[in-house]
Amino acid sequence: MKEISIKSDIELRGDNVRKYFAFFNMISNVKGDLLLNFSKVSRKNEIPNSYKMLISAFIEKNKLNLRVTGLSVEDSRFEAVHPRKIDNWGDDWNFSEIQPHVISGIMQGLKRIGININNPRFSEKYERAEALLTEIVANATEHGIQSRNINYWITCDVDTKNKVAHFAFVDLGIGIAGSHREAGIGLWGFLKSDCRVVKDSFEGLIPSSTKNPDRGKGLPEIYRIVKNGYVDDFIVVSNRAAMIYNESIGLQTLSISNFHGTYYKWTVKNN
Amino acid sequence: MKHIKISKEFSQNLGGRFISLGDFSGEKFYNEILKPKFEEAKNEGVDLAIDLDGASPYGSSFLDESFGRLKREYGEESVKSIIKFETKNYPHVVELIEKRIW
């Protein structure tokens, strides 16, 4: 059995992306039995759903048999992450299709922080935040997770005290740069870094890997929603690239150890 | 004038591009509602009003496979002269369609 002691942060922020994904890179290489030791983690009762989601995705992909120790809550509560039960989403919280009723259900988290689509003050923000999630899911499914028979996962952590909702998405597919390279669009794809491919994809500077000129609008639309301030603290991690956008620092990219998939995190604030 | 209220005639929760990728896709909206209503309006020489309110979200895949496909099939001039959008809440969606889908 492989034992991993959790020492790094369990909340992803713009300043700990490399460290956070170095841990998940380690998990991605484990097969069979895995013991996660949380004894050195503070705030054991506040492990974010986004963290549990990533572990669950690797449990499914690598067929891991997970055991947990060092949590102040009963271990079984954490192990209930798998099979696929979290926040009463039952069996419905990982998918390979675009299911509008599920996306709409996840967006209900915004109601808990006072953002309601029927309130004219928030209808545009709500619709754009929902569009962002749909763009992310659509991009993942249209670029092959359905044909490759893998799932995507979505979570929402709601902080009612600070009126903030934290969303996260992951698919352990081919990744953004991987998708372009697989499509074989020119020599440039092999010459550019993953950071450059990801940045150019979101800025609409390179065509869709489907090679259809009418496609390729999804990632630029995501970036437009982010830049227009409908959501905050946006992070995308895919292959060897991370892209971070927030109001204070603007756009930042950094290279990371290889993450076999695509992960998004963003927040929606009642402001 | 002919009308489509998307939230009543199609769905309040909109999906992605293709029928094969999930429910309430742009392809399904195009095949079952938008294209037949557009052809009726075109043949009768009247406008087609599209009420966007009450449905969400309007992702680019849904919009491209419905309104974008309509433009590709019938031509920009014909589509722009017949389609009239109605919305109180989503002027940004009209802008998205007119500037980035068409």
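Hydrogens, waters and symmetry mates are skipped; everything else that's a heavy atom, side chains included, is used. Convention: sequence-line order gives letters A, B, ...; per-chain numbering from 1.
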- At a heavy-atom separation under 4.5 Å, does A:Glu135 approach chain B through its side chain, its backbone, both, or neither? side chain
- Item | Residues, nucleotides or ligands: over 12 heavy atoms within 6.0 Å of A:Arg240 CZ | no
- Task: Using non-hydrogen atoms and a 4.5 Å limit, figure out which bit of B:Phe62 sits close to chain A: side chain, backbone, both or neither.
- Result: neither
- Task: Please determine if B:Arg72 and B:Asp64 form a salt bridge, counting it only when a charged side-chain N lies under 4.0 Å from a carboxylate O.
- Result: yes
- Message: Any salt bridge linking A:Glu221 with A:Lys217? Criterion: basic side-chain nitrogen under 4.0 Å from a carboxylate oxygen.
- Response: no
- Message: Less than 4.5 Å to any heavy atom of chain A: does that hold for the side chain of B:Arg69, its backbone, both, or neither?
- Response: neither
- Item | Contacting region of A:Ile117 [heavy-atom separation from chain B under 4.5 Å] | side chain
- Contacting moiety of B:Leu63, where chain A heavy atoms sit under 4.5 Å: neither
- Message: What part of B:Tyr90 gets within 4.5 angstrom of chain A, counting heavy atoms only: side chain, backbone, both, or neither?
- Response: side chain
- Message: Testing the basics here: between A:Thr141 and A:Ala138, what is the closest heavy-atom pair and its distance to 0.1 Å?
- Response: OG1-O, 3.1 Å
- Check B:Asp47 against B:Ser81 and note the closest heavy-atom contact, atom names and distance. OD1-O, 3.4 Å
- Salt bridge flag under 4.0 Å for residues A:Arg181 and A:Asp194: yes
- Side chain from CB out, backbone as N, CA, C, O: work out which of these in A:Ser123 comes under 4.5 Å of a heavy atom of chain B, or both, or neither. both
- At a heavy-atom separation under 4.5 Å, does B:Asp23 approach chain A through its side chain, its backbone, both, or neither? both
